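To start, the structure itself, in structure tokens.
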Amino acid sequence: MIININKYCTPQNASIGVKQAIADADSGDIISFDKNEYHFYKDYSEHKVYHMTNTDSFKTPDKYFAILIEDKENITIDGNGSVFVIHGDMCALSLIRCKNIILKNFTIRYNAPTNFEMTVKEKRGNAFIYSLPDGNNFEVRGRDIYFFERSPFTKKKYYEFRNKPKSYCNVLHNGDDVHRTQVSPVRAVLSMKRISNTEVRVKYLIPPALNVGDTITMSNNCCRANCGLFFWECSNIVSENITVNYMHGFGWLSQMCENLTFDKISFTPADGYKVSSFADCIHVCGCKGYVKINDCFFRDPHDDGINIHGAFLRLKRMINEKTAVFEFVHKQQGGYKAFFKGDKVKFYDRRNLEELKGIYTVADSIDNIDEKTVELTFEEKLPNMTPKMFVSENVTYNPEVTISNCTFRAIPTRGILCTTDKLSEIFSNRFISLKMPDIYISCDCRDWYESGPCKNMKIYNNTFSQKNPVVLDPLCMLKPVDNVHENIKIYDNKTEVIDE
């Protein structure tokens, strides 16, 4: 059956109507939007307490969702070319515990993106005039600038952000030339004055090293409060023909899912904006089956284009010969069930990433989400391990990966990060103007704790933009052993180096 959204709501405020349409949908139904611009407001959004990995979820567990689909099977969401406009700092669309879902034919756009952009319009000695996008509201208070978005219903602010003079992840944009910078438009300020709805005049003690036409983009990256799109414990999800103008909080995150397809997804900033994502574009953590990313376009995120990895949990203490407690270590990790009965696990020495012999089978798992720990009991006797010196990896949740026919352009960090021991192929992609490695293969039990070793990867028929486009960089406490990554074949690629 086709469920027509327009029978439930008007495009001017679609939040409640879409929620009811989703509730009414049964297996086999198509939720269809007449082509239009649909507006979703945080005032009427779904509110849940969920944890999203690689965000600051334990600081901000309360999440708001414009479109939330839970426990549904065999459903299609067809936008028919519509635009979903998100009002507020919330997740645009989420699937939780869903199976066999198709998402297609729509654009995600935020009314007021939460990366804040200031473009140098004019320079007169120590005084600069900056232009700001139409959609972002701002106030000047003394020598500070505050960005915000206000509810049209309550007149209260959805969020407010005072740009900090010191930020480690500002990004400078000038065409395809993008890179992270310490340069800030709000450092060493003598005075600041708003001169129009989209312009501000700043006088400096020491002017920043910026030219007319340069854009500095800023974010509250010290607090990734949410993500733009979110899949959790889902299987057989197809996303196709979707344009993403922006995502708040992090990016498009999938955690503990199975069989994901991304086809013809375009991450392209809206007119008048420079940034397509608060951080990464596609981020996959702890997924199994396959991840297929084909014919996608990645432009101007604030962080990486694609990041696919598992999670290393560090040994906290041994309980008996078959039972031990493991912990998420990084402050932005955890909050979800990472092991299920029957899953296969490997162990690694943190000093050198040497793999211990054997594969161990989970017999039981007891999670303490708040403490970010899990007590695992295995069918087999555990090897001798010292707390804090060893990590575990759920190798069942390592996917086969295919990344093909994609373009990565104007990215201040990396194009692709991929770590999985299953078969992975990266081919027929083009990388243009990236400031860090086009492809970065890590395996990190020291900093981010993103696993694991690559064991069977092919990289071929790609067009790179750098002299050293592929970097293998395992991170451990000491020097890694030679064979952290194995059977990586790099062939039939070409490089088009653009001189600066």
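Only a predicted model underlies this, so the values are computations on that prediction, with no experimental measurement involved.
Residues C281 and V244 fail the side-chain proximity criterion, which asks for heavy atoms closer than 4.5 Å. With a 4.5 Å cut-off on side-chain heavy atoms, C418 and M457 count as touching. Considering only heavy atoms from C-beta on, I75 comes within 4.5 Å of I77 through its side chain. Here the side chains of M389 and M477 are in contact, with some heavy-atom distance below 4.5 Å. Side chains of C287 and L260 form a contact here, defined as non-hydrogen atoms less than 4.5 Å apart. Contact of the E327 side chain with the R314 side chain is registered, since non-hydrogen atoms from C-beta on lie closer than 4.5 Å. Taking the side chain as every heavy atom from C-beta outward, N294 and S404 approach each other to under 4.5 Å. Between P474 and H485 there is a side-chain heavy-atom pair separated by less than 4.5 Å.
Electrostatic pairing of R224 and D303 counts as a salt bridge here, judged by a charged N lying under 4.0 Å from a carboxylate O. For the pair K455 and E486, the salt-bridge criterion is met [side-chain N within less than 4.0 Å of a carboxylate O]. Under the 4.0 Å criterion applied to side-chain N and carboxylate O atoms, K264 and D295 are assigned as salt-bridge partners. Ion pairing of E149 with K42 is absent here, as no side-chain N (NZ or NE/NH1/NH2) approaches a carboxylate O to less than 4.0 Å.
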>> With side-chain hydrogen bond (donor to acceptor under 3.5 Å, both in side chains) as the criterion, how do D56 and Q332 come out once you've worked through the C-alpha distance, each side chain's angles and the decisive distance to 0.1 Å?
In response: CA-CA 5 Å; D56 292 281; Q332 291 181 335; 3.0 Å; yes
> Under the side chain to side chain contact (heavy atoms under 4.5 Å, CB included) criterion, do W232 and L253 qualify, and how do the steps go?
Replying inline: CA-CA 8 Å; W232 185 12; L253 171 64; over 6 Å; no
>> For a side chain to side chain contact (heavy atoms under 4.5 Å, CB included) check, start with the C-alpha distance between Y273 and N115, then their side-chain angles and the critical distance, and finish with the verdict.
In response: CA-CA 10 Å; Y273 289 90; N115 282 75; over 6 Å; no
>> Could you walk me through whether C476 and C445 satisfy the side chain to side chain contact (heavy atoms under 4.5 Å, CB included) test, starting with their C-alpha distance in whole Å, then the side-chain angles of each, then the deciding distance to 0.1 Å, before giving a yes or no?
In response: CA-CA 5 Å; C476 56; C445 66; 3.7 Å; yes
>> Is there a side-chain hydrogen bond (donor to acceptor under 3.5 Å, both in side chains) between E375 and T323? Walk through the geometry before answering.
In response: CA-CA 7 Å; E375 180 183 307; T323 303; 5.5 Å; no
> What do the steps show when you test E450 against N54 for side-chain hydrogen bond (donor to acceptor under 3.5 Å, both in side chains), and what is the final call?
Replying inline: CA-CA 10 Å; E450 293 181 354; N54 288 79; 3.1 Å; yes
>> side chain to side chain contact (heavy atoms under 4.5 Å, CB included), that's the test. Do L353 and C443 meet it? Break it down for me.
In response: CA-CA 9 Å; L353 271 172; C443 186; 4.0 Å; yes
>> Let's go through K337 and S365 carefully: what are the C-alpha distance in whole Å and the side-chain angles of both, what is the deciding distance for side-chain hydrogen bond (donor to acceptor under 3.5 Å, both in side chains) to 0.1 Å, and is it a yes or a no?
In response: CA-CA 9 Å; K337 188 174 181 62; S365 64; 2.8 Å; yes
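Distance alone, capped at 3.5 Å, places no donor-acceptor pair between the E160 side chain and the Y146 backbone. Judged by distance alone, with hydrogens and angles left aside, the side-chain atoms of T420 form a donor-acceptor pair with the main-chain N or O of P399 at under 3.5 Å. Although no hydrogens or angles enter the test, the distance criterion places a donor-acceptor pair under 3.5 Å between the side chain of R350 and the main chain of K388. At distances below 3.5 Å, at least one donor-acceptor pair connects side-chain atoms of D304 with backbone N or O atoms of R414. Remark: side-chain polar atoms of D367 are not paired, donor with acceptor, to backbone N or O of I369 under 3.5 angstrom. Counting only distance, with no hydrogens or angles, the side chain of K63 and the backbone of T60 share a donor-acceptor pair below 3.5 Å. Judged purely by atom type and a 3.5 angstrom limit, D421 has no side-chain atom pairing as donor or acceptor with the backbone of N398. A distance-only check finds a donor-acceptor pair linking the side chain of S276 to the backbone of R299 [under 3.5 Å]. A donor-acceptor pair under 3.5 Å links the side-chain atoms of N429 to the main chain of I403, judged by distance alone. The main-chain N or O of F464 is never found under 3.5 Å from a side-chain atom of N462 such that the two would form a donor-acceptor pair.
The line from CZ of F65 to SG of C91 is 5.5 Å long, rounded to the nearest 0.5 Å. To the nearest 0.5 Å, the span separating NE2 on H302 from CZ on R180 amounts to 6.5 Å. With values rounded to the nearest 0.5 angstrom, D71 atom CG is found 4.0 Å from R97 atom CZ.
Between I31 and A21, the closest heavy-atom pair is CD1-O, 4.2 Å. The two residues F58 and G334 have their closest heavy-atom pair at CE1-C, 3.8 Å. Closest non-hydrogen pair, M90 versus F40, comes out as CE-O, 3.5 Å. The nearest pair of heavy atoms linking H330 to D447 is CD2-O, 3.3 Å. In terms of heavy atoms, D89 sits closest to N226 at O-ND2, 4.2 Å. Across all non-hydrogen atoms, the minimal contact from A279 to P301 is O-CB, 3.5 Å.
The aromatic ring centroids of F278 and F250 lie 6.0 Å or more from each other. Less than 6.0 angstrom separates the ring centroid of F161 from the ring centroid of F116. Taking the six-membered ring wherever Trp is involved, the centroid distance between the rings of F328 and Y449 does not fall below 6.0 Å. Note: H51 and Y336 fail the aromatic proximity criterion, with ring centroids not under 6.0 Å apart. With ring centers used as reference points, F106 lies under 6.0 Å from F84.
When only modelled atom types and interatomic distance are considered, S239 and K104 share no side-chain donor-acceptor pair under 3.5 Å.
Around CD of E371, the count of heavy atoms belonging to other residues, nucleotides or ligands within 6.0 Å does not exceed 12. When the shell of 6.0 Å around CG of N384 is examined, it contains 12 or fewer heavy atoms from other residues, nucleotides or ligands. Within a 6.0 Å radius of NZ in K19, no more than 12 heavy atoms belonging to other residues, nucleotides or ligands are found. More than 12 heavy-atom neighbours from other residues, nucleotides or ligands sit within 6.0 angstrom of NZ on K157.
In this structure, W252 and F262 have perpendicular ring planes: the angle between them is above 60°, well past the 30° mark. The aromatic rings of Y110 and Y246 sit perpendicular to each other, their planes meeting at more than 60°, with 30° as the lower class boundary. Ring orientation note: the planes of F378 and Y360 are nearly perpendicular, at an angle over 60° on the 30°/60° scale. Between H309 and H283, the angle of the ring planes goes over 60°, which puts this pair in the perpendicular group of the 30/60° scheme.
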Listed pairs under 3.5 Å, donor-acceptor, residues 22-29 side chains, sequence neighbours left out:
residue : atom : partner : partner atom : Å
D24     : OD1  : Q20     : NE2          : 3.0
D24     : OD2  : Y8      : OH           : 2.9
S27     : OG   : N74     : ND2          : 2.9
D29     : OD1  : M1      : N            : 3.3
D29     : OD2  : D26     : N            : 2.8

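A cation-pi geometry, defined here as NZ or CZ lying under 6.0 Å from the six-membered ring centre and within 45° of its normal, does not hold between K346 and Y348. A cation-pi arrangement is absent between K458 and Y460 under the rule of less than 6.0 angstrom and at most 45 degrees off the ring axis.
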